[in-house]
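Right, one structure below, let's go through it.
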Amino acid sequence: MARPTPLSGFPEWLPDGRVVEQHVLEVLRHTFELHGFAGIETRAVEPLDQLLRKGETSKEVYVLRRLQDEDGDQARGDQRPDKQLGLHFDLTVPFARYVLENAGRLAFPFKRYQIQKVWRGERPQDGRFREFVQADIDVVGAGELPYHYEVELPLVMAEALGALRDVGVPEVRILVNNRKVAEGFYRGLGLDDVEGVLRQVDKLDKIGPDAVAELLQAEQGATPEQAKACLELAGISGADTGVIDRVRALAGSYGAGTDLLETGLAELGALVEAAARRAPGVVVADLKIARGLDYYTGSVYETVLVGHEQLGSICSGGRYDTLASDGKNTYPGVGLSIGVSRLVSRLLSAGLVTATRGVPTAVLVAVADEEHRAQSDAVAAALRSRGIPVDVAPAAAKFGKQIKFADRRGIPFVWFPGQAGEDDVVGPDQVKDIRSGEQKDADASVWTPPEQDLRPRVVPAGE
RNA sequence: GUGGCUAUAGCUCAGUCGGUAGAGCGCCUGGUUGUGGUCCAGGAGGUCGCCGGUUCAAGCCCGGUUAGCCACCCCA
């Protein structure tokens with residue numbers, strides 16, 4: 001068989017990259033649990049009609065089909081959306097389904113974290129995958145959900161990402177907006193296609209203000225005056241409550257003030273104020289943040305890595321009021337999702353973060369000759385019994401080759417079992433630190449490597 | 001789904017006017033007779049993505065195809 005080529009969009013890390021990814025996952029999980037989020041996992045598949053809910057028909061869902069299915073079966077079963085299965089596209093929609101399914105057994109407000117792979121049938125690119133890991137936190141309430149959770153959730157994410165700073169992850173900036181502000185402002189202007197306007201405004205960074213103004217007039221039927229107002233709103237950003245005053249003044253100058261706008265401004269102001277106190281410099285109000293997903297109804301969030309803005313958002317989310325609803329009860333929620341694969345791929349490709357080694361092994365026990373392999377195995381067992389990860393040399397090659405074996409894997413220590421001299425007296429075991437070359441007598445029942453060498457560590461690259 | 005670019009050794013890439021394939025790094029062996037890394041010498045490794053066409057002759061030109069990358073769309 002010819003050597004297989006990698007499948008684009010389905011990332012696979014080498015062992016040292018996996019060490020980095022697992023560290024990221026551990027830090028996220030630890031932070032989520034510190035804040036009281038319970039971990040859950042949902043199945044990988046959902047009925048297709050669940051995945052293609054209103055406004056999400058453009059999503060490119062991978063559909064499941066059994067090879068054994070015959071044409072007749074497909075005609076009967078696979079074509080019915082309520083029977084067909086698709087791989088989940090994100091973790092929010094499956095979570096909403098899970099909440100409805102288990103509503104009677106959950107305690108509300110329910111806080112959960114969920115770290116799983118998701119699949120999207122889109123064209124892959126740098127930082128864009130068809131199979132990737134998301135790490136979500138959400139809070140849902142029964143019937144209602146206090147606004148303060150919209151303040152707290154992004155701050156949990158800020159803390160989680162901040163906890164990765166010491167391994168080389170860049171600073172993050174969480175950009176926030178509020179759907180009520182945008183909707184209130186646009187409706188106050190007389191623009192009723194709020195979705196359409198948001199979609200055009202979202203392109204601002206890529207195509208520039210002039211092109212957006214043209215699109216607003218051509219596609220959304222805005223007047224030049226209305227388009228100008230939309231662009232002025234999108235131009236407002238800042239990390240303090242001054243932005244609220246500026247939006248209010250802008251709306252006033254266009255006679256676009258509405259109750260909805262005022263509600264949104266109060267919420268956005270509260271978020272900015274709390275964030276400035278609890279995570280100074282991280283959260284920035286940015287009135288051009290739109291978000292494509294239509295189920296958001298309040299706060300919306302996007303997160304960029306400072307210096308890597310072109311990568312796009314690595315952590316997004318928002319408030320949704322009707323995602324989980326069975327007709328009788330609704331469970332409003334707010335949540336954010338970290339794109340773990342997008343983050344990790346950049347950490348590795350940009351050489352920001354590195355693992356000290358790709359194998360767990362701290363010590364390689366050399367084998368003098370195959371007759372003495374049992375002696376080496378005994379040393380390994382003694383070290384392992386005290387929690388030290390050990391490997392035994394695969395062959396009784398020349399010691400130079402055995403040292404090289406360790407060196408290529410980043411194993412810091414090579415252990416030489418004592419050998420009998422000419423007088424048949426067995427000498428002491430020795431352990432060599434192959435980085436410094438230092439070698440000294442050692443006893444496998446008591447010797448311990450330095451703490452920082454015991455396991456692979458994740459560190460800023462270049463250290 | 002649309003558009004552009006690319007495809008040669010394990011990796012990064014060169015390859016002139018069309019004349020049967022190159023470098024660096026990595027790997028293996030030896031120098032060093034059982035303690036690596038440096039250095040020196042030697043060696044292995046290629047269906048030039050695939051199919052077809054033009055030509056005496058194609059890695060190179062033409063057509064197709066597949067895959068990858070980038071941009072758009074959308075998004076983590």
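For clarity, every value in this text was computed on a predicted model and none was experimentally measured.
- Pair assignment for rC25(B): rG10(B), on the basis of Watson-Crick or G-U wobble contacts that are both within less than 3.5 Å.
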Letter per nucleotide, 5' to 3', of nucleotides 4-9 of chain B [B base touched, S only sugar-phosphate touched, - untouched; heavy atoms, 4.0 Å]: ------

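- The pairing partner recorded for rC5(B) is rG68(B), the criterion being a Watson-Crick or G-U wobble arrangement whose two distances lie under 3.5 angstrom.
- Nearest nucleotide to the side chain of R120(A), out of rU35(B), rC75(B), rC72(B): rC75(B).
- Using a 4.0 Å cut-off between charged nitrogen and carboxylate oxygen, E171(A) and R173(A) count as a salt-bridge pair.
- Under the ring pair (Phe, Tyr, Trp, His ring centres under 6.0 Å) criterion, F413(A) pairs with W447(A), not counting sequence neighbours.
- Base pairing of rG18(B): no nucleotide in any strand meets the Watson-Crick or G-U wobble criterion (both distances under 3.5 Å).
- Pair assignment for rA44(B) gives none, since no Watson-Crick or G-U wobble pairing has each distance under 3.5 Å.
- Using a 4.0 Å heavy-atom cutoff across all strands shown, G312(A) reaches no nucleic acid atom at all.
- Out of rU35(B), rA76(B), rC70(B), the shortest distance to the side chain of R342(A) is found at rA76(B).
- Of all nucleotides listed (rU29(B), rU35(B), rC69(B)), rU35(B) comes nearest to the side chain of Q430(A).
- The phosphate of rC28(B) has neither OP1 nor OP2 within less than 4.0 Å of any side-chain N or O from K401(A).
- Note on R199(A): only backbone sugar-phosphate atoms sit closer than 4.0 angstrom, heavy atoms only; bases stay farther off.
- Figure legend. rU33(B) is base-paired to no nucleotide; pairs are counted as Watson-Crick or G-U wobble with both atom distances under 3.5 Å.
- Contacts of D126(A) with the nucleic acid, taken as non-hydrogen atoms under 4.0 Å apart, involve only primed sugar atoms and P, OP1 or OP2.
- Nucleic acid contact for V367(A): base, since at least one base atom lies under 4.0 Å from a heavy atom of the residue.
- As judged by a 4.0 angstrom heavy-atom cut-off over every strand, F416(A) is placed among the base-contacting residues.
- Here rU35(B) is the nucleotide among rU35(B), rA76(B), rC27(B) with the atom lying nearest to any side-chain atom of Q439(A).
- Residue contacts shown for I314(A) are limited to sugar-phosphate atoms, with no base heavy atom under 4.0 Å away.
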